[in-house]
Amino acid sequence: MAIKFETLKSYMPDIGLKNFDSQPGKSENDGDLIAGFSAETSDDEYKKLSVGVILSLQENGEFLQIRFARIIEKKIIQESLYRAELMRYFLQINYERKIGRWCLDPDDGDVYIDWAIAIEDNDKLTLNQVKRITNSLISSTRETWPSINRILKTGSELNTETLKKDILLMLMDAKQFDIMPMLGNTNNAEILAKIKILATQGNFIKIKEALNEI
């Protein structure tokens with residue numbers, strides 16, 4: 001037996017999605033439940049996010065996909081020079097997390113996180129199971145959203161303060177003390193990300209040139 005679409009609908013208020021649209025599918029137990037949620041992160045720069053949520057019951061109730069979509073404006077993704085860096089970051093966090101698969105849709109360029117359950121002949125998909133998956137996706141989205149924004153903007157998930165600390169430590173190790181004061185007034189994350197790459201390469205002449213141009 002498969003889970004009924006009406007049963008899945010009854011779970012929605014308990015997983016924190018009280019306001020949703022219901023779109024029945026072709027079979028009795030297929031359909032999409034579409035909602036949204038807003039949340040705040042612990043990041044000072046990227047504080048508030050809004051996400052679309054889709055619970056899609058497929059294969060006559062034997063397969064459930066939960067997807068959080070529209071996490072980042074598509075225009076930002078399309079215009080970014082750092083999509084390759086974003087994919088490497090997704091590869092890393094997908095390896096580290098138990099639940100949640102971060103993806104970049106190759107067709108429409110949407111960034112999303114999802115998870116799926118093959119129910120098959122088991123009709124015992126419980127509210128607690130759905131709630132655990134949904135809460136895990138919410139938690140991952142709140143933690144990851146600021147980093148995604150930074151990577152698309154600068155190529156690095158680190159904020160300005162962390163970038164500066166990392167660069168200063170590398171300059172100290174390399175005894176490049178004359179460059180350190182030059183870094184003080186630099187607060188552009190994209191420039192700092194490039195300087196960190198140059199510091200990793202030991203290209204301190206290029207760092208001086210970059211900082212002198214600011």
Side-chain angles (χ1 to χ4, degrees), residues 38-51 68-114 136-214:
S38 298
E40 289 193 355
T41 74
S42 59
D43 191 278
D44 291 332
E45 186 177 2
Y46 296 100
K47 196 71 176 174
K48 296 182 179 180
L49 73 150
S50 297
V51 176
F68 286 21
R70 302 195 304 274
I71 294 171
I72 304 286
E73 288 183 33
K74 289 183 182 179
K75 183 180 179 182
I76 295 174
I77 301 165
Q78 292 165 354
E79 293 180 354
S80 174
L81 301 175
Y82 304 107
R83 289 189 292 275
E85 285 78 0
L86 181 65
M87 294 305 298
R88 283 192 285 270
Y89 178 65
F90 284 171
L91 189 65
Q92 173 192 332
I93 57 177
N94 286 345
Y95 175 77
E96 293 172 352
R97 285 173 166 78
K98 291 181 179 179
I99 296 176
R101 179 185 66 160
W102 281 98
C103 304
L104 176 63
D105 192 316
D107 295 324
D108 64 9
D110 189 29
V111 164
Y112 65 90
I113 181 173
D114 74 351
S136 294
L137 297 185
I138 290 173
S139 177
S140 184
T141 302
R142 292 177 66 180
E143 291 173 8
T144 308
W145 183 70
S147 295
I148 293 173
N149 277 281
R150 287 196 179 93
I151 290 170
L152 289 171
K153 184 178 180 182
T154 70
S156 171
E157 75 270 22
L158 303 177
N159 60 31
T160 302
E161 184 178 344
T162 305
L163 281 169
K164 274 190 176 182
K165 286 180 180 177
D166 288 351
I167 295 167
L168 286 169
L169 286 172
M170 284 189 278
L171 292 174
M172 288 177 66
D173 289 342
K175 295 182 170 50
Q176 297 292 322
F177 303 115
D178 58 324
I179 301 178
M180 293 171 64
M182 300 170 66
L183 202 65
N185 297 324
T186 309
N187 293 309
N188 185 302
E190 187 169 2
I191 292 173
L192 288 169
K194 292 177 180 177
I195 289 174
K196 184 179 179 183
I197 293 171
L198 292 171
T200 303
Q201 297 169 345
N203 198 337
F204 302 109
I205 293 174
K206 284 286 187 182
I207 292 175
K208 288 181 180 179
E209 290 175 357
L211 290 171
N212 283 327
E213 291 176 359
I214 298 173

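The model shown is predicted, which means the values in this text are computed figures rather than measured ones.
- With hydrogens and angles disregarded, a donor-acceptor distance shorter than 3.5 Å links the side chain of Lys47 to the backbone of Thr41.
- Looking at every heavy atom in both residues, Val51 comes nearest to Thr141 through CG2-CG2, 3.9 Å.
- For the pair Tyr112/Arg101, a side-chain contact is recorded, criterion being any heavy-atom separation below 4.5 Å from C-beta on.
- Residue Asp110 holds its CG atom at 5.0 Å from NZ of Lys74, rounded to the nearest 0.5 Å.
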Contacts under 3.5 angstrom, residues 76-86 side chains, donor-acceptor by atom type, not counting sequence neighbours:
unit_1 : atom_1 : unit_2 : atom_2 : d
Ser80  : OG     : Tyr82  : N      : 3.0
Ser80  : OG     : Leu152 : O      : 2.7
Tyr82  : OH     : Glu190 : OE2    : 3.3
Arg83  : NH1    : Ile77  : O      : 3.0
Arg83  : NH1    : Gln78  : O      : 2.9
Arg83  : NH1    : Ser80  : O      : 3.0

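- Within 6.0 Å of atom OH in Tyr95, 12 or fewer heavy atoms from other residues, nucleotides or ligands are found, so the atom counts as exposed in its surroundings.
- Annotation for Glu73: atom CD does not count as buried by contact number, only 12 or fewer foreign heavy atoms lying within 6.0 Å.
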- Task: Decide yes or no on side-chain contact (heavy atoms from CB on, under 4.5 Å) for Ile195 and Ile197, but give the supporting numbers first.
- Result: CA-CA 5 Å; Ile195 289 174; Ile197 293 171; over 6 Å; no
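- Among all heavy-atom pairs drawn from Asn94 and Gly100, the shortest one is OD1-O, 3.8 Å.
- The closest side-chain heavy-atom distance from Gln201 to Leu198 is below 4.5 Å.
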Output a table of donor-acceptor pairs, distance under 3.5 Å, between side-chain atoms of residues 165-173 and any protein atom two or more places apart or on a different chain; print 'none' if there are none.
unit_1 : atom_1 : unit_2 : atom_2 : d
Lys165 : NZ     : Glu161 : OE2    : 3.4
Asp166 : OD2    : Lys196 : NZ     : 3.1

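- Within the structure, every pair that satisfies the salt bridge (charged side-chain N to carboxylate O under 4.0 Å, His left out) test and touches residues 136-151, not counting sequence neighbours, is listed here: Asp43-Arg150, Glu45-Arg150, Arg97-Glu143.
- Note: Phe68 CZ to Leu49 CG = 10.0 Å, rounded to the nearest 0.5 Å.
- Atom CD1 in Ile191 sits 13.0 Å away from atom CD1 in Ile207 (nearest 0.5 Å).
- Between Trp145 and Tyr46, the ring planes lie perpendicular to each other; the angle is over 60°, past the 30° to 60° tilted range.
- In plain terms, the two heavy atoms of Gly109 and Leu104 that are nearest each other are O-CD1, 3.5 Å.
- Closest heavy-atom contact between Ser147 and Tyr89: CB-OH, 3.3 Å.
- Lys208 is listed as a side-chain neighbour of Asp178, based on a closest heavy-atom distance under 4.5 Å.
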